[in-house]
Structure formats: C-alpha cells, structure tokens
Protein chains: 2
Amino acid sequence: MTQRPPAEVGMPLAEVDTPALLIELDAFERNLSRMAQAIAPHPVRLRAHAKTHKCPTIARRQIALGAVGVCCQKVGEAEALVAGGVEDVLVTNEIVGEPKLRRLAALARQARIGVCVDDAENVAALGRAAQAFGAELRVLVEVNVGADRCGVEPGAPALALARRVTQAPGLRFDGLQVYHGSAQHLRSHEERRRAIEAASAKARDTQALLEREGIACPTITGAGTGTFRFEAAGGLYTELQAGSYIFMDADYGKNRGEDGGPVRDFEHSLFVYATVMSHTAPERAVVDAGLKALSVDSGMPLVFGLEGVEYARASDEHGKLVLAPAHSPLRVGQKLRLIPGHCDPTVNLYDWFVCTRNDRVEALWPITARGALL
Amino acid sequence: MTQRPPAEVGMPLAEVDTPALLIELDAFERNLSRMAQAIAPHPVRLRAHAKTHKCPTIARRQIALGAVGVCCQKVGEAEALVAGGVEDVLVTNEIVGEPKLRRLAALARQARIGVCVDDAENVAALGRAAQAFGAELRVLVEVNVGADRCGVEPGAPALALARRVTQAPGLRFDGLQVYHGSAQHLRSHEERRRAIEAASAKARDTQALLEREGIACPTITGAGTGTFRFEAAGGLYTELQAGSYIFMDADYGKNRGEDGGPVRDFEHSLFVYATVMSHTAPERAVVDAGLKALSVDSGMPLVFGLEGVEYARASDEHGKLVLAPAHSPLRVGQKLRLIPGHCDPTVNLYDWFVCTRNDRVEALWPITARGALL
C-alpha cells in the first residue's frame, strides 16, 4: 500500500510527476536557521512540533540545530520518530485507552518519552502501564490557558492533578503544558501579544502555586509559529513547540507583524506541485490537485508566482483556477506551485517529500508518520 | 510506511482502537442492493465511482451486483483496482503528462481501460502512448454540461474533438462523459431535476450531432448519488457513476426529496470511530479525531446517536464537542461514532476499512488506492 515517489533524485523539477509535495531546501534551511537564531538569545530551547512534518529526517535536522527534541500528537507518530533515530519525544496530547498506553510505555524503554494529562483516572492508567514495562514516563499537566480545548483549569485543579502524578509509580512529573493554539492565528501582533500575556499569567501563577506546595516544574512548554517570540522573551517558558515555521503556509502568511505588514520571519518552503490538466475556457483552468492533494480547512492554496491566477475551488481531484480577464492562457501540461492553506493536514496526504534545490531533486524523504492516527 | 490496522477480525466493536474508519456491513450491503434495485427497471447500468472507496474488494462487490465496471480519477487508482481484480475501469478525468499516459496505456494491456479528453493535443499524446504499447484505450469526450470545470462545450467543439479521437490510432471513441458535479449537492429535488434536465439536453443534442456526422456514441456516462434517478429515468445515459451511495455522508444527508423531507434512498454506513480523550468542563469534550481523521471541506461531522452533542470544531488531531446545557457528562475513554461530512476525502486518510456487523469486526479491507495521487 506504499505509494511510489513521484520523482527520482537528480531529476529536474520540471520532470517531477504531479501532484507532488515539494520542499525547497534553500528556503527550508533558512527557516531552520532563523528559528535557531531567533531563540538563541533567550534561556529557552526549541522542541519542534513534528506533527507538521511527520518525518524523522527533518526532526533530526532540527535537533542538530539545537532543538532539545521534538513533540508530536499521536503514539504512532512517536513510534515513527523513535524508529527514525529521535531520542526525545513529547506527546503534547492526552493518550487514552489501554492499547495506546501500553505502546507509549513500551516506547519509553527505547527513548525519553513525555506525555500530557488532564484527567486523574488517565494518570492512574498511565502509571500502571509504565510500571508494567518498568518504564518511566515524563508527564506534564496540561493547563487550559485560553484555548478551551484540553487541559485542566489553572491553579488548584492543576495542583491536584500534579500531585497525583508525583504520587504515581512509573511517572515523573515534568511540569506544565501551556499551549494556546487559537492564539497562533490571531491576525494582529497586538491580539497575539495580549493572548500570550494572559496565557503566561495563568501559567506563571500555576507554576508558583505548585512550587509553594513543593512541586517543582522543570518544564514549561508551549508556543507555536504565530506567537513564539512572545513566549521566548517572557522568561517563563523553557521549551517552544513551533512546527509550521519550517514550511510557512498560506494561513500563517496572513498574520501581521508589529508594523501591520506581513510577518517576515520565515519563507514559504512547502509547495504542492500540480499540472494544468484542462483549460477549455479563457477564464478558467483545472489542476490535478484537489481535496486529496491539499487541505482547504484554512482556506484555498495560493498560486505561486503567477499574478492574476487564483485557485478558486477544490473538489476531490480537481482544483479550479480562475484567470483574471485578459490573462494569457496557461498551457495544458504546464506545472505550477501551490502554497497550501494549512501545511500540517496537507503533509498528511503524502508519503514522500520531494526535496529540491535550484530546481533539481536533491532528496526524497519518506513521511513515515503519514497516517499515524493511533 | 503502511499503517497497522486498528482492529482484529472477531474483536468486539468496543475494542477497536481509534480513530478508525468503520463500515457497518448491514447498512452498506442494503445500500448496494438498493442501488441495484433502483436502476434495474431502466436500460442503464451502474459504473460505480471507486474514488469514494479506493478499495478493489468493494469494487468487485459492486460488479457482482450488476455494475458494468467502476470509474476512478487517477491512473494510480486504476492500477490498484486492476491489481485487485477489476477488469473494466474508466478514468473519468483528463490524464496529462507522458509518465501517466505510458502507465495508462500499459494498463490497457491488462484490463479494459477508458479515459476522458477535452484537449486535442492530449488526444494525440494518448494515441501515441497507446500505439507504443500496442494497446487500445477507450476514449470519451468530456462535455461541459453545467459544472464549468473540465470538458469542451457541447455541440461543435465536442464533435471536433470526437473526430480527432476516431482518427487517432490506438484509440477507440466510446462516447460522452457528461457529468454535472455541482448538481449533486443542490439541496432541493426541483433544483437537481432542472440541472439534470439542462445537462441532458446538452448531452442529447451533442450525441445527435455526432451521430448525424457518422460518429456513434455507444456510451453516455455521468450522474452521481444526488441525481442518478433523473439520469436513470431519462433514457439517454447508458452508465451511472454514483459513488457515495454506498456510504452516505452528512453532506448528502442534507439533500431533500420530492416531498421536501430528507432523501431516504440510502443509509449512513461509514463512520469515524473516535474516543473522548479530554473532558475538563461540562460544556465541552474533545475526541481524538480531527482534520487528519476526517475531511471538513463539506462541514463538520455529525455525532451519531448522541442527542445534544455537537462536533463544533476540528483542529489537526482534536475534535471539539459541545454538549447541550444539562447534558449528562461523557466519559473519558468513551467511544463515539461520527458521520463524516464528506466521505471521499475522509476515506483517503485511512489505510483500512474496519468492517463490522452486529458490533463485531467481520473484515479488514485494505484501502489500496489510498494516496494514489499520480
């Protein structure tokens, strides 16, 4: 059931079959370096989010540039990362159900594994699983700092759960997961700043409460590509979980910086390569990349480098392009680059990254955690 | 890179790991029979759309119940279907680029293969590929009957292209692809009826023109789950391309019948099985199925069998449920069935169908064309 790669190493970009998921290595490597440089002045380390790329090759590059390890959301992702040589993985998510807890505990015999909790019974089940394997799991209490999704409330509920973790055999309490997901996509700099200020206050108060009660929080972890500069500068967070910075999708491209202009921290380095397969009217053309080649949950992709051509609508296997009046026609067979609206679920549709430099294929990286739902 | 199945045959449903893609076999088999019965009175045959299921096991069942063959959208899907024992596949799409044309022509040595065209140069390239393999490709001219996506205009442009097909060595002109995609999801019976009436008029006139010019159209093919009764009754179409009828998603569930009530032709038989992984406030809970476990392009999934619980928002690996005021709490670890908003791109996220009957796993069917983008 493995899909063949759409390219061979050494091939010119123009010969890559479509749809293909391209990484432009120069831009990608600049993004990695810029993140490392951006956080270097601060007493904080990157724990890059591997849910974005699902690829141990990329995780190892992030670690080589200073990341303390990576994070992910699923046990299956953690397994693929460890199998690919990653030695420190935090599952930034609650893991529920005996089969998954067994796999997580077993994996903690192979690598340093952390996980989040927000439920007392789940803490007990995690402890039993860790004991059964003679493993030690690092456990973070997830605190709801504004996203209203997972996590216990700050203060007393977090303290109560942390106490349970400290008392459970097989578990080591490692601190707080304080990620504010929805803040990443607030468009203005000031909105994002205020959201993280509020989240940080909750995190700080909770940490102080735990420490007054004799429970140290070695790790305070959270942040994403939209807000990491605030958490980096705030002095509270010890780890930053940015993931999308490596690719920059069209949605993150809508965030505005302090001057009201687009945020320019990172470049688009991920593209869906597509072919014009139909062009029967001057005002429209159709490419071979639709809903199964890119995720539209955060909006349509952008057409890269073609002024006046808009990707207007996605159906299962078709992307409808609308051409501005008097735009010169495209050519059936012409290949285009699309900037996906949302990188993470788009990457999950592919088995291979086709990595190019100077318009030539330099590497094929398997996306080994593609489809790792369990 | 193949993902392990989330279940074992014989396992009770409650033990299936999540997220998992379930087929409830009783409902699924009723859907297959109902379609066969619905079209039996008409001089038309089903060519079921395999882009919905991407699974040769299901294709062979459809053929056993009378389907003339199946259709799909990608060469890679056609390859997976032929490898799985399907002997008649129509690619209801334009296929562009030498590598894909070579694969399509080669496949035509293994099975009866059809393909659509809407471009003269593409016809020539198809002919060359067929000749190179000593293969015969069946070719349908796609006509734009209202969707304004692919397809030449009805009348003279269709005639001109059909002529080229008849003149190209290696190609056999097989008729017209006249599918009106957007009509499938028009909500009222009357809107759908009018859309198909208009589409059929264009198809009929074009067929008549071709026949006056000495070009027979043995096949007139199109239709989908939303409109197939109109095309079946119209007497023009020889093949119907319905696909979603086997599963019925939440979006098709919004279509209304002649009486203004919901269309009741088919039942929901496809579910995403999910686990409550967090429930830290009475008004909300979180399941482990988000954007990578279901496609939200046509709306959020429905929560099956739980009154007062709404799937409100999907993020990458989380689905946020909102509970009605005073709803009794869910249980962390509780498993739920979700009806996907849109079945086709949801199926493409999974490697396995977990097939159940009476809440027990009866079969695991590999989705061998999952990710077949090329």
Side-chain angles (χ1 to χ4, degrees), chain A residues 1-4 6 17-19 51 73-74 76 93-97 99-100 118-119 121-122 144 148-153 181 275-281 284 286 288 291-293 295-297 314-318 320 332-333 342 344-345 348-351 366-368 370-374, chain B residues 1-4 6 17-19 51 73-74 76 93-97 99-100 118-119 121-122 144 148-153 181 275-281 284 286 288 291-293 295-297 314-318 320 332-333 342 344-345 348-351 366-368 370-374:
Chain A
M1 288 150 63
T2 300
Q3 298 297 319
R4 74 163 70 78
D17 208 354
T18 66
K51 79 185 178 75
Q73 301 278 61
K74 298 282 186 178
N93 209 354
E94 286 65 29
I95 299 299
V96 171
K100 292 191 184 85
D118 69 3
D119 178 82
E121 283 186 34
N122 185 230
N144 175 24
D148 291 341
R149 196 174 64 181
C150 300
V152 294
E153 290 304 302
T275 298
V276 176
M277 48 179 269
S278 173
H279 193 10
T280 57
R284 69 169 183 267
V286 179
D288 60 355
L291 296 171
K292 295 177 188 172
S295 186
V296 301
D297 64 275
S315 45
D316 284 350
E317 293 87 2
H318 299 83
K320 184 167 166 177
V332 172
H342 188 179
D344 299 25
N348 188 48
L349 298 169
Y350 291 84
D351 292 277
I367 304 172
T368 56
R370 193 282 317 155
L373 285 164
L374 301 183
Chain B
M1 287 154 62
T2 300
Q3 298 298 319
R4 73 164 71 75
D17 208 353
T18 66
K51 78 184 178 80
Q73 301 278 62
K74 297 282 185 178
N93 209 353
E94 286 67 28
I95 299 299
V96 171
K100 293 191 182 84
D118 69 2
D119 177 82
E121 283 187 34
N122 185 230
N144 175 24
D148 291 341
R149 196 173 64 180
C150 299
V152 295
E153 291 304 302
T275 298
V276 176
M277 50 180 267
S278 172
H279 192 10
T280 57
R284 70 169 183 268
V286 179
D288 59 356
L291 295 172
K292 295 177 188 171
S295 186
V296 301
D297 64 274
S315 44
D316 284 348
E317 293 86 3
H318 299 84
K320 184 167 167 178
V332 172
H342 188 178
D344 299 25
N348 188 49
L349 298 170
Y350 291 84
D351 292 278
I367 304 172
T368 56
R370 193 283 317 155
L373 287 164
L374 300 184

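Chain letters run A, B, ... following the sequence lines, proteins first, then strands; residues in each count from 1.
- Going from atom NZ of A/K74 over to atom CG of B/D288 covers 4.5 Å, rounded to the nearest 0.5 Å.
- A/K51 touches chain B through backbone and side chain together, each having a heavy atom under 4.5 Å away.
- The heavy-atom pair separating B/H318 from A/C150 by the smallest distance is CD2-SG, 3.7 Å.
- The NZ atom of B/K100 sits 3.5 Å away from atom CG of A/D17, with the distance rounded to the nearest 0.5 Å.
- Of the atoms belonging to A/N122, not a single heavy atom falls under 4.5 Å from chain B.
- Taking every heavy atom of both residues into account, B/K320 and A/D148 meet most closely at NZ-O, 2.8 Å.
- Of the listed residues (A/A314, A/G181, A/P345), the one with the most heavy-atom contacts under 4.5 Å to chain B is A/P345.
- Between chain B and the options A/A293, A/A372, A/G97, heavy-atom pairs under 4.5 Å are most frequent for A/A372.
- Under the 3.5 Å distance criterion, the side-chain polar atoms of A/E153 are left unmatched by any main-chain donor or acceptor of B/A281.
- Taking both residues in full, the closest heavy atoms of A/E94 and B/M277 are given as CB-O, 3.5 Å, listed atom of the first, atom of the second, then distance.
- Put simply, NZ on A/K292 and CD on B/Q73 are 7.5 Å apart, with the number rounded to the nearest 0.5 Å.
- Contact of A/N348 with chain B is made through the side chain alone, with heavy-atom distances under 4.5 Å.
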Carefully, step by step, assess A/L349 and B/L349 under the rule side chain to side chain contact (heavy atoms under 4.5 Å, CB included). CA-CA 7 Å; A/L349 298 169; B/L349 298 170; 3.6 Å; yes
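- Here the closest non-hydrogen pair linking B/N144 and A/R284 is ND2-NH2, 3.3 Å.
- Of the possible polar contacts, none joining the B/T280 side chain to the A/V152 backbone as a donor-acceptor pair under 3.5 Å is found.
- Contact of B/R149 with chain A is made through backbone and side chain together, with heavy-atom distances under 4.5 Å.
- For A/S295, no part lies under 4.5 angstrom from a heavy atom of chain B.
- Top candidate by heavy-atom pairs under 4.5 Å with chain B, chosen from A/N93, A/I95, A/T275, A/V296, is A/N93.
- Between chain B and the residues A/G76, A/G151, A/P99, the largest count of heavy-atom pairs under 4.5 Å involves A/G151.
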Run the numbers on A/D316 and B/H342 for side chain to side chain contact (heavy atoms under 4.5 Å, CB included), then give the verdict. CA-CA 10 Å; A/D316 284 350; B/H342 188 178; 3.0 Å; yes
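- The two residues A/V96 and B/V276 come nearest to each other via the heavy atoms CG1-O, 4.0 Å.
- Across all non-hydrogen atoms, the minimal contact from A/G371 to B/Q3 is O-CG, 3.4 Å.
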